[in-house]
Amino acid sequence: MKTSDRQSHFYQQIYQLVRKIPPGKVATYGQIAELLGRPRHARQIGYALYRVAPDSDIPWQRVVNAQGMISHSPQRQGSDDLQRILLEQEGITFNSQEKLDLRRYRWQPDLLE
DNA sequence: ACGGTGACACCAG
DNA sequence: TCTGGTGCCACCG
């Protein structure tokens, strides 16, 4: 299997898993990578989500960094600001330090799937 | 082809 | 807490 095929397959796995995150819950980049059996590949999750169109059916907004914060970047062309708006619409609140409470909102995937 | 870059994470101080 | 350094590895010019 070519490397490029393995990679796009990995991206599909990422999208499929992110789709399972229910409204009002979030996962971290590292958590997604680990759940897919690739610890330390958190950056790949960011790359995969970067390619997702803002109006996609993939709930890309439900993935944040390990500090419970939205990762900002000029490259995102404002989708980072949109991310916060979408999450707040789902009932998620941010504290004065722009952080959401991971203990409260972290998605716990059902192991029996 | 190759080196800089980055929607990350973790650790030391 | 916060900051800086390090590990990681696909992406892109």
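Excluded from the calculations below are hydrogen atoms, water molecules and symmetry mates; all remaining heavy atoms, backbone and side chain alike, are included. The model shown is predicted, which means the values in this text are computed figures rather than measured ones. The chains referred to below are lettered A, B, ... by the order of the sequence lines, with proteins before strands, and numbering in each begins at 1.
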Tell me whether the side-chain N/O atoms of His41(A) come closer than 4.0 Å to OP1 or OP2 in dC8(C). no
Rounded to the nearest 0.5 Å, what's the gap from CZ on Arg84(A) to CE on Met69(A)? Could you check? 9.5 Å
Report the distance from atom CZ of Arg106(A) to atom OG1 of Thr28(A), rounding to the nearest 0.5 Å. 5.0 Å
Of all heavy-atom pairs linking Gln83(A) and Val64(A), the shortest is NE2-CG1, 3.9 Å
Do Ile45(A) and Val18(A) come close enough that some side-chain heavy atom pair is under 4.5 Å? no
Below 4.0 angstrom, which residues in residues 19-36 of chain A have at least one non-hydrogen atom near DNA chain B? Thr28(A), Tyr29(A), Gly30(A)
Atom OH of Tyr11(A) and atom P of dC9(C) are separated, to the nearest Å, by 14 Å
Under 3.5 Å, is there a donor-acceptor pair between the side chain of Trp107(A) and the main chain of Pro22(A)? no
Can you find a pair of side-chain heavy atoms, one from Ser56(A) and one from Tyr15(A), that are under 4.5 Å apart? no
Give a yes or no answer on whether the side chain of Tyr47(A) reaches the backbone of Tyr11(A) with a donor-acceptor pair at less than 3.5 Å. no
Is any side-chain heavy atom of Leu35(A) closer than 4.5 Å to a side-chain heavy atom of Gln31(A)? yes
Contacts to DNA chain C from residues 46-78 of chain A, heavy-atom cutoff under 4.0 Å, which residues? Tyr47(A), Arg51(A)
Answer yes or no: is there a side-chain heavy-atom contact under 4.5 Å between Ile70(A) and Gln61(A)? no
Could you check Lys99(A) against Arg40(A) and say which one's nearest nucleotide on DNA chain C is further toward the 5' end? Lys99(A)
Could Asp81(A) and Arg76(A) be called an ion pair, given the rule that one side-chain N must be under 4.0 Å from one carboxylate O? no
To the nearest Å, how far apart are Ile45(A) CD1 and dC8(C) C1'? 13 Å
First-last contacting nucleotides on DNA chain B - partner chain A, under 4.0 angstrom, heavy atom: dT5(B) to dA9(B)
